[in-house]
Undergrad: 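One structure, pasted below without further comment.
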Amino acid sequence: MTESTVAPGPREIFERLRRHLLENLGGFGSELAEDAVIEVPFAPPGRAKRHEGKEAFLLFSGPEQAAFARRFALDEIRNVVVHETADSEVIVVEYELAGRVLATGRQASSPFIGVLRVRDGKIVHWREYQNTLAMIEIMGQSERA
């Protein structure tokens, strides 16, 4: 008799995402399905609001994450609240990224809400609502230093 393996659900995948971000493991591409859709409905002007496919998202996010890491040190992901939904593939997550602007040492944080759909242990859809004004302010602080 062989043991069956249960694929990780959305809670487990979100915890992996947190670990990737906090340990600076170079993103979370391994958690994405090949046909994943990543949406940022309130993206700043000039930025894509939707990325279709793992490869397209990684092409965009790699340079973005590298630039962010040169300007901001993420210290913690706090105030995490996970809301279960009627759909076992989906959770809604509230959280706050907190850290330091590297050029100034100023502490900064920004709240986020994510809607995460996981199927067969992979992210198939991630919709993230960011406080765009807070992120612009944080990044503006690093550029003025």
Undergrad: Any idea which heavy atoms bring Arg100 and Gly105 closest together, and the distance?
TA: CG-O, 4.2 Å

Undergrad: Please give me the minimum heavy-atom distance between Leu58 and Gly29, naming the atom from each residue.
TA: CD2-CA, 3.9 Å

Undergrad: Would a 4.5 Å heavy-atom cut-off, applied to side chains only, mark Leu97 and Leu74 as touching?
TA: yes

Undergrad: In chain order, what residues pass the salt bridge (charged side-chain N to carboxylate O under 4.0 Å, His left out) check against Asp120, with sequence neighbours excluded?
TA: none

Undergrad: With sequence neighbours left out, what residues match Glu34 under side chain to side chain contact (heavy atoms under 4.5 Å, CB included)?
TA: Lys54

Undergrad: Can you list every pair that meets ring-ring contact (aromatic ring centres under 6.0 Å, His included) and has a residue in residues 85-110, with sequence neighbours left out?
TA: Phe14-Tyr95, Tyr95-Phe112

Undergrad: Can you tell me how far apart CD1 (Ile113) and CD (Glu94) are? Round to the nearest 0.5 Å.
TA: 5.0 Å

Undergrad: Out of the candidates Val118, Val115, Ile123, Asp87, only one should pair with Pro10 under the side-chain contact (heavy atoms from CB on, under 4.5 Å) rule; please name it.
TA: Val118

Undergrad: Quick one: salt bridge (charged side-chain N to carboxylate O under 4.0 Å, His left out) partners of Glu15, sequence neighbours excluded?
TA: Arg18

Undergrad: Quick one: side chain to side chain contact (heavy atoms under 4.5 Å, CB included) partners of Arg11, sequence neighbours excluded?
TA: Val82, Glu84

Undergrad: Applying side chain to side chain donor-acceptor pair (under 3.5 Å), name anything that partners Gln130, two or more places apart in sequence or on another chain.
TA: Glu128

Undergrad: Would you check if Asp75 and Gln107 make a side-chain contact, meaning some heavy-atom pair closer than 4.5 Å?
TA: yes

Undergrad: Among residues at least two apart in sequence or on other chains, which ones pass side chain to side chain contact (heavy atoms under 4.5 Å, CB included) with Pro8?
TA: Glu12, Ile13, Arg16

Undergrad: Sequence neighbours left out, what passes side chain to side chain donor-acceptor pair (under 3.5 Å) with Thr85? Give chain and number order.
TA: none

Undergrad: Holding to salt bridge (charged side-chain N to carboxylate O under 4.0 Å, His left out), I want the full list of residues that pass it with Glu76, two or more places apart in sequence or in another chain.
TA: Arg78

Undergrad: Tell me, do Leu116 and Val90 make a side-chain contact under 4.5 Å, heavy atoms counted?
TA: no

Undergrad: Any side-chain heavy atom of Glu31 sitting closer than 4.5 Å to one from Leu17?
TA: yes

Undergrad: Work out which heavy atom in Ala7 is nearest to a heavy atom in Gly121; give both atom names and the distance.
TA: CB-N, 3.5 Å

Undergrad: List in chain and number order the residues that pass side chain to side chain contact (heavy atoms under 4.5 Å, CB included) with Leu59, two or more places apart in sequence or in another chain; answer none if no residue qualifies.
TA: Glu55

Undergrad: Using the test salt bridge (charged side-chain N to carboxylate O under 4.0 Å, His left out), find all partners of Asp35 that sit at least two apart in sequence or belong to another chain.
TA: none

Undergrad: Output side-chain donor-acceptor pairs under 3.5 Å for residues 36-45, partner residues at least two apart or in another chain, one line each.
TA:
unit_1 : atom_1 : unit_2 : atom_2 : d
Glu39  : OE1    : His125 : NE2    : 2.6
Glu39  : OE1    : Arg127 : NE     : 3.1
Glu39  : OE1    : Arg127 : NH2    : 3.2
Glu39  : OE2    : Arg50  : NH1    : 3.0

Undergrad: With a 4.5 Å heavy-atom cut-off, do Val81 and Val93 have their side chains touching?
TA: no

Undergrad: Is there side-chain contact between Phe72 and Leu102, with heavy atoms separated by less than 4.5 Å?
TA: no

Undergrad: Establish whether Val92 and Val80 are linked, either directly or via other cluster members, by ILVMFWY side-chain heavy-atom contacts under 4.5 Å.
TA: no

